[in-house]
Amino acid sequence: LGFGYFEVMSWILTSEAVLKKSEMQGPALRVSNPLTEEFTTLRPWLYPNLLGILAHSKSEPLPIHLYEIGPVERPKSAEAETAPDFTQAAHLSAISMHPKSGFSENWACLSGLARSMGVPLTLREEEIPGFIPGRCARVMKENHSIGLIGEVHPRVLEAFGLEQPTVLFEVEADALMNKSAAKKKE
C-alpha cells in the first residue's frame, strides 16, 4: 500500500462480539459448530478486526497506520442466513489512529492509491452505523458502491478501548484493480 502503512493479516473468522462493538450492520455468516467464542463468524468486513488489532496495539507509538487485503464473506442480500446466501470477495482496508487523524487524510490516501491505478472514485455522503455522521461516505466507482470511508464514532472507539481519533476505509480490491463494477455483476 505504501503511504507509511504496515500490513497486517487477521483471521477470516471473527467473533460476534467484535462485530457488535464495531456497530457493523447487516448479516454475517455464523459457523454452525464453532470451537471457541472468539471464532464464531466469517467476517463480512475487514475493519472490525483492524479495530481489534488497534486495541491490542494501543501502547505502540503513534501514529499507527495499518492495512489488510484479504477475503470476506459478503451477503448477497439483507436476508442472507446460510452459506449459499454469501459470496467471497477480496477487500482492502486501511486504518489510521493518531491525534490529528481525519477524513481528509484518509480520503487522500484512498484517492491517491486509486489514481495511481487509473481508477476514478467518488464519494456519496451517507450515514453509516459506527461512524461519525457527516464524516463518512460510501466509496463509489461507476455509480456503484464499492466500500466505505469515515471517522470511527467515539462510541465504537470506547467499545474497543481506543483513546485516539481513528479513520478507515474499506473497498472491494477488484474494483481498485480497474475491473469494471458492471462486468463484475455479469
Side-chain angles (χ1 to χ4, degrees), residues 1 5-60 62-83 85-98 101 103 106 109-110 126-133 135-139 145-173:
L1 181 64
Y5 283 71
F6 291 97
E7 183 176 19
V8 296
M9 294 175 67
S10 63
W11 300 101
I12 191 168
L13 290 172
T14 191
S15 72
E16 291 174 355
V18 167
L19 298 179
K20 185 176 179 179
K21 285 196 295 188
S22 73
E23 298 185 11
M24 185 222 68
Q25 299 292 306
L29 185 58
R30 183 159 166 61
V31 175
S32 62
N33 190 16
L35 297 177
T36 72
E37 287 296 314
E38 292 180 5
F39 300 111
T40 60
T41 308
L42 288 157
R43 63 185 181 190
W45 293 92
L46 299 172
Y47 76 85
N49 285 2
L50 290 179
L51 287 165
I53 291 169
L54 281 181
H56 292 300
S57 304
K58 61 186 173 186
S59 63
E60 295 296 318
L62 298 176
I64 299 175
H65 302 290
L66 306 173
Y67 79 95
E68 180 173 9
I69 300 172
V72 296
E73 292 293 325
R74 297 293 300 147
K76 293 177 183 175
S77 72
E79 293 80 36
E81 291 182 10
T82 62
D85 300 332
F86 290 79
T87 185
Q88 191 170 86
H91 275 205
L92 163 66
S93 188
I95 193 165
S96 179
M97 181 175 76
H98 60 89
S101 66
F103 186 91
N106 210 23
C109 178
L110 176 57
E126 182 177 322
E127 287 196 17
I128 302 170
F131 295 88
I132 298 173
R135 297 185 191 173
C136 56
R138 291 286 170 189
V139 178
S145 173
I146 63 162
L148 54 82
I149 185 171
E151 295 182 22
V152 180
H153 198 283
R155 186 176 51 245
V156 174
L157 295 177
E158 184 178 331
F160 281 94
L162 301 172
E163 299 172 354
Q164 297 292 329
T166 303
V167 295
L168 65 86
F169 67 79
E170 183 159 339
V171 295
E172 298 169 12

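No hydrogens, no waters, no symmetry mates; every other heavy atom, side chains included, goes into these values. Residues: numbered from 1 along the sequence shown.
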What is the distance from atom [atom1] of [X] to atom [atom2] of [Y], rounded to the nearest 0.5 Å?
X	Y	atom1	atom2	result
Ile95	Asn106	CD1	CG	9.0 Å
Glu23	Ile128	CD	CD1	12.5 Å
Glu68	Arg43	CD	CZ	4.5 Å
Leu66	Leu168	CG	CG	11.0 Å

For atom [atom1] of [X], decide whether the heavy atoms of other residues, nucleotides or ligands shown that lie under 6.0 angstrom number more than 12.
X	atom1	result
Arg74	CZ	yes
Lys20	NZ	no
Glu163	CD	no

Donor-acceptor contact below 3.5 Å, side chain [X] vs main chain [Y]:
X	Y	result
Glu73	Leu42	no
Ser101	Met97	no
Asn49	Trp11	yes

* To do: Report the C-alpha distance between Arg30 and Glu16 in whole Å, list the side-chain angles of each, state the deciding distance to 0.1 Å, and finish with yes or no for salt bridge (charged side-chain N to carboxylate O under 4.0 Å, His left out).
  => CA-CA 8 Å; Arg30 183 159 166 61; Glu16 291 174 355; 3.4 Å; yes
* side-chain contact (heavy atoms from CB on, under 4.5 Å) between Leu92 and Phe169, intermediate numbers included -> CA-CA 8 Å; Leu92 163 66; Phe169 67 79; 4.1 Å; yes
* **CA sep, side-chain torsions, deciding dist, call: Ile64, Gln164, side-chain contact (heavy atoms from CB on, under 4.5 Å)** => CA-CA 10 Å; Ile64 299 175; Gln164 297 292 329; over 6 Å; no
* Taking all atoms of both residues into account, what is the closest heavy-atom pair of Pro27 and Pro44, and its distance? -> O-CB, 4.1 Å
* Which class fits the ring pair His65 and Tyr5: parallel under 30°, tilted 30 to 60°, perpendicular over 60°? -> tilted
* **Qualifying residue, where the test is side-chain contact (heavy atoms from CB on, under 4.5 Å) with His153 and the options are Cys136, Pro133, Pro129** => Pro133
